[in-house]
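In each ligand, atom 1 is the first atom listed, and ligand 1 is the first ligand listed.
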Amino acid sequence: MTKEGSTEEKILFGKYRLLHKLGTGRTGTVWLALHLGLEEYRAIKCVPRTCADYETFRREALILKELQHPGIPMIYDLEEDPEYFYLIEEYLQGYSLYTLIKCQGTLKQADAVRYGMQICGLVEYMHSACKQPILYLDLQPHNLIICNGTVKLIDFDHAASCLDANQEEQRYGTVGCAAPEQYTSDGILDQRTDVYAIGAVLRFMLTGTLKQGVFAPQIVTEPLQSIIEKCMEPNMDRRYESAKELNSVLRRLCIRELTVNNDHRAGPSLIINLAGVRPGAGITHLSLGLLHFLTIQGYEVLYEEHNRSQAVRTLARQVNARPDRRGIYSVNGCFMKPWYGPAVRLEEPLDFSVVLRDYGTDWKILLEESARDHVLVTAVTDSAWEACYIQRAVSALMDQQDLYKGKKAVFIFRHAGQGYSGRRFHIRDWNGLLKQSLLYRSPEYRDPFSRDRSTQLFFRSLWDGISGEAGTERSKRGWLKGWDTAKGAVLRAAGTLRPDAGSSGSSEREGERG
Ligand SMILES: Nc1ncnc2c1ncn2[C@@H]1O[C@H](COP(=O)(O)OP(=O)(O)OP(=O)(O)O)[C@@H](O)[C@H]1O
């Protein structure tokens with residue numbers, strides 16, 4: 001093993017080049033290593049033989065072997081030499097939740113709840129993946145890694161099946177996160193022990209400390225405060241029964257917070273109406289991408305086909321999916337309702353918080369039906385010669401000023417910055433529209449169900465804009481990035497140099513407000 005601070009190159013087992021130290025824990029040091037043959041990164045945990053016996057060390061590897069989840073690192077191998085044991089696992093590129101909060105400050109309630117739901121999902125998986133629930137028992141901010149906005153879990157050296165955990169003589173945990181029953185040798189440990197720690201992590205995201213104390217009401221609303229207090233009840237019978245139950249409670253809170261309508265009708269909190277400026281502009285592809293993104297973020301979201309493309313049935317056929325009694329298909333874990341036509345009467349699904357309505361290119365119907373709803377998204381074509389389609393879409397919106405007023409409109413451009421140069425056309429009152437719109441540039445993605453980084457970043461930024469979090473630093477950066485490229489292209493295309501189309505100066509100012 002490389003000695004502390006040594007810069008000497010070290011190759012382990014003839015195939016892993018140690019690059020740098022990722023971190024040091026109570027038992028060992030974790031290195032970033034390059035697998036020389038595969039040219040892939042690995043995280044290698046090196047535990048001195050003096051700190052653990054082989055069986056204890058192997059237990060972490062065996063638990064990781066059982067757990068196969070995108071939020072949990074894959075285990076590749078176990079090795080040993082005279083001084084150390086080595087655990088070779090998937091490298092998770094990101095920052096620990098601890099570092100994130102210490103460097104960037106505490107999170108807004110909506111972000112903390114979203115991460116909280118992801119953490120519940122991970123813990124819920126551990127509790128249900130094997131015959132016996134696997135208890136994690138050391139959930140704390142250092143053990144949660146944020147990779148592109150997704151939470152991942154590391155360090156399974158205290159994880160154990162419920163049976164084994166209760167038989168252990170010694171108990172571990174992190175002060176501030178460990179439940180009271182972990183401090184005694186005879187207290188019963190079960191799923192609720194991890195629920196306690198989720199409460200502590202939620203508190204940490206909002207306050208930046210693991211110390212218990214009174215929440216400032218301007219930071220945390222009363223319902224979330226009660227949820228955290230219930231997680232951290234000293235008497236485990238008063239806590240949530242499981243991470244699953246806690247997850248649903250957080251989801252319900254999230255829906256309530258998302259509600260932008262003040263009329264309390266049953267049904268979704270947010271309806272997003274989508275239309276493309278021409279057939280083939282990619283609105284269905286975009287809608288399915290947004291559906292998938294929101295689904296993996298833990299939202300209860302439904303895609304409704306309000307056009308005759310038959311896209312849902314085509315997708316469903318590919319995976320042999322069958323509709324439920326409400327006519328809804330589940331494809332890749334995403335819920336979709338195909339177009340049934342006006343004659344078919346099906347039970348209204350009321351359990352979705354977000355509904356994405358894909359109107360194809362039917363602007364007339366969209367504007368008629370969407371009078372009460374708030375977000376209009378349009379996919380915009382990418383070639384300069386098709387600019388007339390954009391004009392038509394914009395005119396349709398501007399003609400419906402009354403309906404459109406107060407709603408959020410989002411325009412998404414594909415390839416913006418490449419296709420428009422040199423062409424000019426006139427869009428009536430383009431600047432008026434811009435005042436109420438968000439503009440995004442979409443990356444190219446072939447598969448709407450892909451999890452690749454740029455696609456996920458794009459949908460995160462889009463969702464932040466739609467759900468009203470466009471003021472946060474992170475989404476502002478994402479939005480401006482898209483805007484910078486789209487802005488020039490759109491304004492060039494809209495012929496902003498013409499006096500009757502508004503000055504580029506005023507449009508620039510709109511852009512800067514982002
Ligand atoms: N798979 C991984 N990918 C990226 N970084 C990792 C990975 N595993 C561990 N790390 C980094 O190494 C640090 C120490 O790892 P880990 O917590 O597993 O060690 P430990 O000795 O078991 O710690 P503990 O004292 O919490 O038991 C982590 O805080 C993290 O920064």
Side-chain angles (χ1 to χ4, degrees), residues 1-2 4 12 16-35 38 40-80 83-104 119 122-123 126 134-160 165 168 170-179 182 193-194 197 200-201 204 210 453:
M1 254 312 288
T2 314
E4 283 281 310
L12 277 182
Y16 300 109
R17 174 179 293 134
L18 295 188
L19 300 175
H20 63 81
K21 214 185 268 182
L22 288 169
T24 304
R26 281 166 288 203
T27 49
T29 302
V30 180
W31 286 78
L32 175 66
L34 181 71
H35 186 298
L38 297 174
E40 274 186 1
Y41 291 117
R42 298 279 186 261
I44 303 190
K45 183 164 176 172
C46 314
V47 179
R49 281 175 178 270
T50 47
C51 291
D53 62 76
Y54 184 71
E55 275 316 308
T56 317
F57 168 75
R58 186 166 159 261
R59 201 179 72 175
E60 180 174 359
L62 293 180
I63 290 207
L64 277 174
K65 190 191 79 171
E66 294 299 322
L67 302 174
Q68 284 166 23
H69 187 282
I72 295 176
M74 265 191 294
I75 169 96
Y76 294 116
D77 215 342
L78 281 179
E79 294 279 2
E80 56 185 302
E83 281 178 87
Y84 292 90
F85 297 122
Y86 300 90
L87 190 71
I88 293 139
E89 59 184 72
E90 181 187 1
Y91 166 57
L92 304 177
Q93 191 173 12
Y95 299 99
S96 74
L97 184 65
Y98 180 86
T99 308
L100 184 87
I101 302 294
K102 291 296 164 195
C103 297
Q104 294 187 10
I119 296 168
L122 281 165
V123 174
M126 287 187 65
I134 296 186
L135 307 184
Y136 182 74
L137 301 176
D138 193 21
L139 198 73
Q140 52 122 324
H142 284 286
N143 288 344
L144 293 158
I145 305 273
I146 312 293
C147 309
N148 294 327
T150 303
V151 184
K152 309 219 177 190
L153 195 53
I154 56 162
D155 191 6
F156 290 73
D157 53 2
H158 302 309
E168 290 287 349
Q170 271 188 317
R171 292 185 172 179
Y172 301 89
T174 300
V175 176
C177 293
Q182 289 178 275
T193 309
D194 285 335
V201 170
F204 176 79
L210 288 173
R453 190 166 175 271

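A donor-acceptor pair is defined here as one N or O able to donate and one able to accept, closer than 3.5 Å; no such pair exists between the side chain of Tyr86 and the backbone of Leu12. The backbone N or O of Leu144 sits nowhere less than 3.5 Å from a side-chain atom of Lys152 that would complete a donor-acceptor pair. Looking at Glu60, its side chain does come within 3.5 Å of a backbone N or O of Phe156 through a donor-acceptor pair.
Ile44 is not listed as a side-chain neighbour of Leu87, based on a closest heavy-atom distance of 4.5 Å or more.
Atom CD of Gln68 is separated from atom CD1 of Ile75 by 11.5 Å, given to the nearest 0.5 angstrom.
Within 4.0 Å of ligand 1, counting heavy atoms only, the contacting residues are Leu22, Gly23, Gly25, Arg26, Thr27, Gly28, Val30, Ala43, Lys45, Glu89, Glu90, Tyr91, Leu92, His142, Asn143, Ile154, Asp155, Asp157.
Salt bridge status for Arg26 with Asp157: absent, with no side-chain N to carboxylate O gap under 4.0 Å.
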